[in-house]
Amino acid sequence: ASLGLEPGAPSRARARPLQPPRPAQLLLLLSCPAFRSHFARLFGADAVDQWHFVSSAPDDAVSEEEEEDQLRALGWFALLRVQRGAAAEERRGPVVTVAPLGAVVKGAPLLACGSPFGAFCPDIFLNTLSRGVLSNAAGPLLLTDARCLPGTEGGGVFAARPAGALVALVAAPLCWKAREWVGLTLLCAAAPLLQVARWALARLHPGSASLSVLLPPPDVSTPRGLPLRDLGPPWAAAAVLVECGTVWGSGVVVAPRLVVTCRHVAPREAARVLVHSATPKNVAIWGQVVFATQETSPYDIAVVSLEEELNGVPTPVPAGHFHEGEPVSVVGFGVFGQACGPSVTSGILSAVVRVDGSPVMLQTTCAVHGGSSGGPLFSSGSGDLLGIVASNTRDNNTGATYPHLNFSIPITVLQPALKQYSQTGDLGGLRELDHTTEPVRVVWRLQRPLSEVPRSKL
Amino acid sequence: MGRQWGPSMRVAEQAGCVVSASRAGQPDAGSWSCSGVILSRNPGLVLCHGGIFTPFLRTGSAALTQTGTAFLPGDSCSDDLRLHVQWGPTAASPAGRADQELPGLCTPQC
């Protein structure tokens, strides 16, 4: 309950006037059974990597009992009735409309509204907004890359289209996988929760069934019940999962029978790999690694030739130019692998590193996780393919991983060689990736020549 | 934020609230709080996270893991549960108008 935060003197002054706290009554606690079953499948004890959802860092002192309680309550919400107040206030009617389950597609923009730290300094923190996209979905279990903080549990997540429709509630603002912050927020879709609420109210309070009628109905102006896996931006369909023995990662289809991935996903030339496509339908096709850069090459790239064409998968348009600051999206099978289809995370192109005027490295603010390697980086506006995700960032001194700082190989580095191979079968252009100049190697080693190392004055 | 977010922001800020739970007569026992969504103002219906109710469950958090349980009635929590809901100024409320007249900005030190 205690945050250990101390409000400074200025925050004691009211930043904005609030309504005085109003007493309320708990009508019922409710959960969505489908959310709980998807949660158990994706995050349960059988999951290979250990997940944590506590609102604190994995190393913080949280008792096992406390963590167990948090986990048990994670998919539970509460319906309250607020005591009557001023007459003017009471005249106001329904506040929200509710988006039907499946109406918001993967990659669609979302707005999260919650109060970080709960009731701590509401004059400062009440209704803080955060923007992101719908990153992934398994039934009513949704994930967004909108950044949320402890205390925003229960906060509403709204759609831009239909405008202002309530899509979901925050179930867990922070997710940790294998002791690394994932940078995604776990949500429970609002529509099925309200369905449970209507049913429960009718059963528990038959005399006051009118309450259930007053709950906001799903917005019928939007399509409902559409399978989420088949929706989303068309360019996202080019992302595939690549399995090479026990290793798996992401890849991108650059021609009907050609997939690009990372060397550390498919490291050996001539190795057989299995390529899974999730959209437009689930298919798995065998392929062979026809090229992988040498370990000494800074470009962590492998090319897979498929035994069959991936029908219906659109081939992305390679970008010719990069614009720092432009909105971008990463699509990859990080976090869940095959269990949940690819995730979409959004951000901006934060840096384009050039050597002799040519881009050799792209950086983004998208959340990138283990398993996303080899996946595509797209321009969110044009849908053009900008690059291939190679890594995120880890501080070797602290062990901390930073999912929002990641590195991609610009498609301009690869495109001429891929075109040559695609048209003639000649690997010559790809082999040149093994012979990059020293400045490019220096960039990808994240090192400068010793003489240029800046000295810390601390 | 872009123009596309205007209507969504207005709805979100009208609907957002914060919910606090505490024990009657035991202010030192602490309080629990989370965010919530105002579904309706007449009657006042609010949806919030269930985690803040765990300490008040008569049978403990195990009640939340019973197979097939989709809901628990309000009396699953102890009688000393006290709840409060707080929200921001609404366009029609006097507080909202006061907000426009009083520049209540502050700059907490980092």
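- In this pair, F43(A) and F53(A) present their aromatic rings perpendicular. The plane angle is above 60°, beyond the 30 to 60° band.
- In this structure, the portion of L110(A) lying under 4.5 Å from any heavy atom of chain B is its backbone and not its side chain.
- If you tally non-hydrogen atom pairs under 4.5 Å between each of V157(A), L79(A), V170(A) and chain B, the highest count goes to L79(A).
- When heavy atoms are compared at a cutoff of 4.5 Å, L74(A) approaches chain B solely by way of its backbone atoms N, CA, C and O.
- With chain B as the partner, the residue from C113(A), A163(A), A160(A) showing the most heavy-atom pairs under 4.5 Å is A160(A).
- If you tally non-hydrogen atom pairs under 4.5 Å between each of T54(B), V11(B), L72(B) and chain A, the highest count goes to L72(B).
- A62(B) touches chain A through backbone and side chain together, each having a heavy atom under 4.5 Å away.
- With a 4.5 angstrom heavy-atom cutoff, Q25(A) touches chain B only via backbone atoms.
- Remark: the backbone N or O of S115(A) is not paired with any side-chain donor or acceptor of T152(A) at under 3.5 angstrom.
- A donor-acceptor distance shorter than 3.5 angstrom exists from the side chain of W76(A) to the backbone of L64(B), with no hydrogens or angles considered.
- Annotation: maximal heavy-atom pairing with chain B below 4.5 Å, among L29(A), L27(A), L194(A), occurs at L29(A).
- Interface remark: C48(B) contributes backbone and side-chain atoms alike to the contact with chain A (heavy atom separation under 4.5 Å).
- Highest contact tally toward chain A, considering only L81(B), I52(B), T69(B), D75(B), is held by T69(B) [criterion: heavy-atom pairs under 4.5 Å].
- Interface remark: T65(B) contributes backbone and side-chain atoms alike to the contact with chain A (heavy atom separation under 4.5 Å).
- Among G50(B), S35(B), G36(B), the residue with the largest count of heavy-atom pairs under 4.5 Å with chain A is S35(B).
- The backbone N or O of S61(B) sits nowhere less than 3.5 Å from a side-chain atom of D69(A) that would complete a donor-acceptor pair.
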Between T128(A) and F117(A), does a side chain to side chain contact (heavy atoms under 4.5 Å, CB included) hold up when you go through it step by step?
CA-CA 11 Å; T128(A) 298; F117(A) 317 119; over 6 Å; no

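- Looking at S130(A), its side chain does come within 3.5 Å of a backbone N or O of R147(A) through a donor-acceptor pair.
- With chain B as the partner, the residue from A119(A), G156(A), G114(A) showing the most heavy-atom pairs under 4.5 Å is A119(A).
- Annotation: F35(A) is not in aromatic contact with F77(A) [ring centroid separation under 6.0 Å not met].
- Partner of V46(B) under the side-chain contact (heavy atoms from CB on, under 4.5 Å) criterion, out of L83(B), V37(B), V85(B), L39(B): V85(B) alone.
- Put simply, the side chain of R22(A) gets close to the backbone of Q83(A): a donor and an acceptor are under 3.5 Å apart.
- Chosen from L30(A), L80(A), V196(A), the residue pairing most often with chain B at heavy-atom distances under 4.5 Å is L80(A).
- Taking the six-membered ring for Trp and the full ring otherwise, W32(B) and F56(B) have centroids separated by under 6.0 Å.
- Comparing P116(A), G155(A), P23(A), A190(A) by heavy-atom pairs within less than 4.5 Å of chain B, the highest count is held by P23(A).
- Remark: the backbone N or O of L193(A) is not paired with any side-chain donor or acceptor of Q195(A) at under 3.5 angstrom.
- Of the atoms belonging to L57(B), it is side-chain heavy atoms, and not backbone ones, that fall under 4.5 Å from chain A.
- When the candidates A21(B), C77(B), C17(B), P73(B) are compared by the number of heavy-atom contacts under 4.5 Å with chain A, P73(B) comes out ahead.
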